[in-house]
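Data block below; observations after.
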Amino acid sequence: MCGIVGIVAKRDVNQELYDALTVLQHRGQDAAGIVTFENERFFLRKDNGLVKDVFRTRHMMRLVGHVGIGHVRYPTAGTSSSAEAQPFYVNSPYGITLAHNGNLTNTEELAEDIFRTDLRHINTNSDSEVLLNVFAHELQKLGKLTPTADDVFAAVTAVHRRVRGAYAVIAMITGYGILAFRDPNGIRPVCYGKRETPGGTDYMIASESVALGPLGFELVRDIAPGEAIYIEHDGTLHTRQCAAKPELNPCLFEFVYFARPDSIIDGISVYKARLRMGDHLAQKIQRLRPEHDIDVVMPIPDTSRTSAMQLAYHLGVKYREGFIKNRYIARTFIMPGQSQRKKSVKQKLNPIDLEFKGKNVMLVDDSIVRGTTCQEIVQMARDAGARKVYFASAAPAVRYPNVYGIDMPAAHELIAHGRTEEEVRELIGADWLVYQDLDDLIECAKEGNPAIEKFDCSVFNGHYVTGDITPEYLDRLQRQRSEQSKTQREKDLQASQVPLDLHNND
């Protein structure tokens, strides 16, 4: 999962890109990058680390220009190498930089095709670099000295024909403008907004609407599946549907975990969706155990807080903050190694013993993926003196890997894969475990925008909306994503020299 942003304005955009990336920091904490444009030149700074660590004053002073794009990353299938930090750059045609959120499902065949047919070299393991080269090739095929909006849209149309998977993209074409487009299934989110100034209209594109408001931009709308928008440097806006059969299938897990609660995605308030998750979860608990003995409901901060409050309200029991979070520890779900995740749980959360002693506690989390965090937290609650520890998940059981840009592990590393709810309960050590029903979760999101007929629910039901995911693909993905493979890649990275980034503003 990553965060992307692009701005076309009447003033320097370096500080605003930086501010937007800090708002989107929850979408990726592994690397960050910004590229701006002025006087026929790109100015790039990218590296591993948080936004505040990657960009220093000397870097910001060099990021000049009224147009720019930015990216925050966490590794989906590659390593944590700074060579894979985005945006990526190619010099032909025109000079193009690109930032991407999502994951392509035909990367290997595309990379082979790019080498043999397009005669282009791929320098990293990133599918984003593959996507950039596909777009660049399709634009170059048109053979125009000066590309028009029609030319840019024709290239995007060709990209949709060749590329499969999930992709929300922002690209900058030297001297011409910024382009954004979304895959024909609209799996990953992206929206745009505008800001009226004395000099004219400024435009901003971002993964989530929450990045727009702090910078004074008004949300216009989400980019539709298959749609592209092209903003010229003078602020002229063009939009076009570039896919043959677009169909909106937004990722349901965005509403469960990844998106900030103050975002609106495809017309759905993330906050309201999470409130409804608490409503439906309470109804299920009341059906299963009308005479429950829950004394107190506690969230696992922060993502589950909204659902937990609604759950407590409908059950008529106390809501308490039983865990205090260290806000300087990264999100454990997106940490690259199992040992690092396990170590970070106790560093990240500290229980308030007085809230647990002698009570039957219902802990609420947004989801259960590997189960490592749940096991640690349940034990922490017992050590703090809880009489019984119940566990509720605002999402259904995660049983299948994600192939569209979320680094959910190999199937065998998912605690619910091939296991019953009772078996999962025993493994995490809870006295009772209750999951949200999938139909209820879909309803929680759909109520925010009834026009959406389908969601990508693949991590819950194993149905992949792109229709190209085979058992062989999942086996290959499992090998790539296994903890053993990741550990070896990190060791290899440390033992080798990272390739020189010729375009990085250091």
Side-chain angles (χ1 to χ4, degrees), residues 256-257 277-278 281-282 284-285 288-289 292-305 307-308 311-312 315 317-326 329 331-333 335 337-399 408-437 459-460 483:
V256 171
Y257 176 79
M277 291 175 204
L281 201 51
K284 182 172 183 179
I285 290 172
L288 296 176
R289 295 194 179 184
H292 68 79
D293 59 351
I294 302 169
D295 296 317
V296 61
V297 171
M298 296 180 183
I300 311 301
D302 285 317
T303 324
S304 63
R305 185 172 283 121
S307 299
L311 174 63
L315 293 181
V317 302
K318 294 177 181 178
Y319 170 89
R320 291 289 185 269
E321 295 282 346
F323 295 97
I324 300 302
K325 181 179 179 181
N326 180 350
I329 298 293
R331 300 177 93 175
T332 53
F333 173 74
M335 286 182 174
Q338 179 79 350
S339 59
Q340 187 177 354
R341 279 189 298 272
K342 194 167 183 178
K343 177 182 177 182
S344 294
V345 174
K346 289 186 178 180
Q347 294 177 339
K348 179 179 178 181
L349 298 176
N350 191 53
I352 303 174
D353 292 1
L354 291 175
E355 294 294 344
F356 289 90
K357 286 185 178 177
K359 297 175 183 176
N360 297 334
V361 179
M362 170 64 82
L363 302 178
V364 182
D365 208 350
D366 52 76
S367 58
I368 304 173
V369 181
R370 296 170 178 87
T372 308
T373 302
C374 298
Q375 290 173 324
E376 295 288 319
I377 290 173
V378 168
Q379 188 57 50
M380 288 167 66
R382 293 199 188 281
D383 293 343
R387 185 189 306 120
K388 293 181 180 179
V389 180
Y390 305 136
F391 206 100
S393 169
V398 176
R399 302 186 186 278
M408 287 185 176
H412 72 272
E413 295 174 12
L414 297 166
I415 192 171
H417 181 74
R419 294 189 177 99
T420 65
E421 291 186 16
E422 178 60 21
E423 289 171 333
V424 175
R425 181 200 66 77
E426 290 181 0
L427 284 172
I428 67 173
D431 294 295
W432 181 38
L433 170 64
V434 56
Y435 281 108
Q436 185 87 262
D437 291 334
V459 298
F460 306 120
E483 291 294 343

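If you're wondering where the values come from, they're calculated on a predicted model, not measured in any experiment.
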- Item | Exam field: side chain Q436 to backbone A394, donor-acceptor pair closer than 3.5 Å | yes
- Item | Stepwise side-chain contact (heavy atoms from CB on, under 4.5 Å) check, R382 with D431 | CA-CA 11 Å; R382 293 199 188 281; D431 294 295; 3.0 Å; yes
- Say you draw a straight line from OG1 of T303 to CG of D365; how long is it, rounded to the nearest 0.5 Å? 7.5 Å
- Rounded distance [0.5 Å steps], OG in S393 versus CE in M277: 10.0 Å
- Shortest non-hydrogen contact from A397 toward F460: O-CD2, 3.6 Å
- Note on the structure: Closest heavy-atom pair, M362 versus L311, reported as atoms and distance to 0.1 Å, is CG-CD2, 4.3 Å
- Looking only at heavy atoms, what is the nearest atom pair of R399 and H417, with distance? O-ND1, 2.8 Å
- Message: By the definition side-chain hydrogen bond (donor to acceptor under 3.5 Å, both in side chains), identify the one residue from E422, E423, E421 that meets it with R425.
- Response: E422
- Which heavy atom of P351 sits nearest a heavy atom of F356, and at what distance? CB-CE1, 3.9 Å
- Using a 4.5 Å cut-off on heavy atoms from C-beta on, say whether the side chain of L349 contacts that of N326. no
- Task: Please step through side-chain contact (heavy atoms from CB on, under 4.5 Å) for the pair T373 and K348, ending with a clear verdict.
- Result: CA-CA 10 Å; T373 302; K348 179 179 178 181; over 6 Å; no
- Query: Roughly how far, to the nearest 0.5 Å, is CG of N350 from CE of M380?
  - Reply: 6.0 Å
- Query: Given Y390, which of I285, N360, V434 fulfils the side chain to side chain contact (heavy atoms under 4.5 Å, CB included) condition?
  - Reply: N360
- Interatomic distance, L427 atom CG to T372 atom OG1 [nearest 0.5 angstrom]: 10.5 Å
- Message: Return the CD1 to CZ distance between I377 and F391, rounded to the nearest 0.5 Å.
- Response: 6.0 Å
- Within-4.5 Å side-chain heavy-atom neighbours: R305 and E321: yes
- Item | Heavy-atom side-chain contact between W432 and H292 under 4.5 Å | no
- Message: Please give me the minimum heavy-atom distance between I415 and G371, naming the atom from each residue.
- Response: CD1-CA, 3.9 Å
- Message: Taking the basic N atoms (NZ, or NE/NH1/NH2) and the acidic carboxylate oxygens, is any pair closer than 4.0 Å for R320 and D295?
- Response: no
- Item | Closest non-hydrogen atom pair, R419 against V424 | CB-CG2, 4.1 Å
- Message: Working to the nearest 0.5 angstrom, can you tell me the gap between E426 CD and L433 CG?
- Response: 11.0 Å
